[in-house]
Amino acid sequence: MIELFRLLRNKRVIMLMIGFILFIAIIGYSFSDRKELTWPEKFVGDVSGAVQEWFYKPAASIAGFFEDIGNLHTIYKENEQLRLTAAAYARDKVNYNFVEQENKQLKEDLHFTESQKNMYNYKYVIAQVIAVNNDANSHTMVINLGSKNGIKKGQAVTTVKGLVGIVSEVRPLTSTVAPITELDETSPESNLISATIMGKENDSFGIVSDYDHEKNRLVMTKIPENDKMAAGDTVITSGLGNVYPRGLIIGTVESKEVGDFGLTNTAMVKMAADFDHLTDVFVVQMPDTEAATE
């Protein structure tokens with residue numbers, strides 16, 4: 001019996017030693033630089049991954065759903081802000097273009113009036129065209145200034161580019177302008193324009209007396225036979241006749257030919273003013289007109 005206990009005790013010791021040796025071997029193996037996992041490790045890893053995937057996918061889907069809702073709200077806000085910005089940009093662009101054009105026009109107007117004042121000491125009152133009458137028998141335009149603004153019948157009206165016409169009717173708040181396109185030498189009411197050539201004031205003279213509707217050109221007559229006028233010259237008012245002030249640009253000589261009876265010449269003049277886009281005009285007040293008003 002004693003021998004049996006000794007044998008069993010020795011076996012326990014041996015088993016403990018074997019177990020300890022295996023434990024040390026396993027630990028050493030696990031800490032070694034292995035290139036591959038063992039099949040139990042692989043099995044446990046795969047099972048763990050499958051379980052994690054099974055739980056992760058629904059959770060990720062739910063989280064993604066709420067995240068998408070949050071993103072949609074953010075995108076909606078961003079789109080709304082972009083729409084407001086685009087609308088503001090469009091509005092500001094229109095305002096900018098309008099202000100830029102207005103400033104450009106006013107700068108041209110200021111330069112024009114100052115240069116003219118330095119030359120002839122006229123007063124230029126700016127006005128807006130508020131109506132145009134295209135009646136075949138009476139083509140006129142209406143400006144937003146009248147007698148309360150010092151406007152009088154017979155005052156010349158011009159633009160930065162050139163002569164437009166003459167004030168034909170005056171009311172307290174508005175006035176009617178007869179354009180130079182209504183010139184007619186056969187009409188006693190037509191104010192013919194005494195004209196000359198810029199830079200050749202002492203050598204050129206003529207009367208702008210008519211308007212050729214077919215050619216869209218002014219007709220300048222009574223030009224002396226030996227006149228030095230040539231195509232391309234700038235036609236201006238001469239100031240003779242006390243109707244139109246001196247120095248207002250009328251247009252450009254386009255051609256010149258011998259007139260009736262061969263004693264004088266006739267010229268076709270291209271108008272400087274653009275009658276298709278008339279918005280701002282100037283009423284020219286001469287110094288004596290201002291004194292009379294005062």
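Panel note: side chain E182, backbone P179; no donor-acceptor pair is recorded below 3.5 Å. Of the possible donor and acceptor atoms, none in the side chain of S204 sits under 3.5 Å from a partner among the backbone N and O of I197. For T237 (side chain) and G239 (main-chain N/O), no donor-acceptor pair under 3.5 Å exists by modelled atom type. Remark: the backbone N or O of A231 is not paired with any side-chain donor or acceptor of K256 at under 3.5 angstrom. Side-chain N or O atoms of S147 include none that pairs as donor or acceptor with a backbone N or O of I151 at under 3.5 Å. T196 places no side-chain N or O within 3.5 Å of a backbone atom of F205 that could act as its donor or acceptor partner. Q285 contributes a side-chain N or O that, together with a main-chain N or O of G150, makes up a donor-acceptor pair within less than 3.5 Å.
Within the model, atoms NZ of K215 and CE of M268 stand 4.5 Å from one another, a figure rounded to the nearest 0.5 Å. Distance CD/Q155 to OG/S175: 8.5 Å, rounded to 0.5 Å. Going from atom CG of N144 over to atom CD1 of I126 covers 9.5 Å, rounded to the nearest 0.5 Å. The distance from atom CG of N149 to atom CG of L173, rounded to the nearest 0.5 Å, is 7.5 Å. Summarising the geometry, atom OG1 belonging to T279 is positioned 8.0 Å from atom CD belonging to Q128; distances are rounded to the nearest 0.5 Å. Remark: I207 CD1 to S238 OG distance equals 7.0 Å, nearest 0.5 Å.
Under the 4.5 Å side-chain criterion, counting only non-hydrogen atoms from C-beta, I249 is not in contact with L163. Counting heavy atoms from C-beta outward, M220 and D210 have side chains that stay 4.5 Å or more apart. Put simply, the side chain of L263 does not reach to within 4.5 Å of the side chain of E225, judged on heavy atoms. Using a 4.5 Å heavy-atom threshold, the side chains of I250 and Y244 count as separate. Residues D280 and T159 have side chains not in contact (no heavy-atom distance under 4.5 Å, counting atoms from C-beta outward). Using a 4.5 Å heavy-atom threshold, the side chains of T174 and L145 count as separate. Residues V157 and V167 meet the side-chain proximity criterion, which asks for heavy atoms closer than 4.5 Å. A heavy-atom distance below 4.5 Å is found between the side chains of I180 and M271.
Between the side chains of T176 and R171, a donor-acceptor pair is found at a separation under 3.5 Å. Counted by atom type alone, T266 and T221 present zero donor-acceptor pairs between their side chains at under 3.5 Å. A side-chain donor-acceptor contact under 3.5 Å links N216 and Y211. A donor and an acceptor atom, one from each side chain of N265 and E257, are nowhere located under 3.5 Å apart. Remark: the T234 side chain and the T252 side chain contain no N/O donor-acceptor pair separated by less than 3.5 Å.
Residues V253 and I193 fall within the same hydrophobic cluster, defined by Ile, Leu, Val, Met, Phe, Trp and Tyr side chains chained together at heavy-atom separations under 4.5 Å. The hydrophobic clustering, which links ILVMFWY residues whose side-chain heavy atoms are closer than 4.5 Å, places V177 and V129 together. Both Y124 and V164 are part of a single hydrophobic cluster, where members link through side-chain heavy atoms under 4.5 Å apart. Under a hydrophobic clustering in which Ile, Leu, Val, Met, Phe, Trp and Tyr are joined whenever their side-chain heavy atoms come within less than 4.5 Å, directly or via other members, V132 and L278 fall into the same cluster. Cluster membership for I166 and V284, using ILVMFWY side-chain heavy atoms within less than 4.5 angstrom, is shared.
Using a 4.0 Å cut-off between charged side-chain N and carboxylate O, K200 and D233 make a salt bridge. Electrostatic pairing of E169 and K153 does not count as a salt bridge here, judged by no charged N lying under 4.0 Å from a carboxylate O.
Considering all non-hydrogen atoms of both residues, L192 and E185 come closest at CD2-CA, 4.1 Å. Nearest heavy atom pair, residue A273 against residue K161, reads CA-CB, 4.4 Å. Between D184 and T186 the shortest heavy-atom distance is OD1-OG1, 2.7 Å.
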Evaluate the criterion side-chain contact (heavy atoms from CB on, under 4.5 Å) for residue pair T181 and H139; output intermediate values, then yes/no. CA-CA 8 Å; T181 54; H139 181 67; 3.9 Å; yes
Please step through side-chain contact (heavy atoms from CB on, under 4.5 Å) for the pair I143 and V281, ending with a clear verdict. CA-CA 8 Å; I143 59 175; V281 295; 3.9 Å; yes
Run V208 and L183 through side-chain contact (heavy atoms from CB on, under 4.5 Å) and show every step you take. CA-CA 8 Å; V208 179; L183 284 174; 3.8 Å; yes
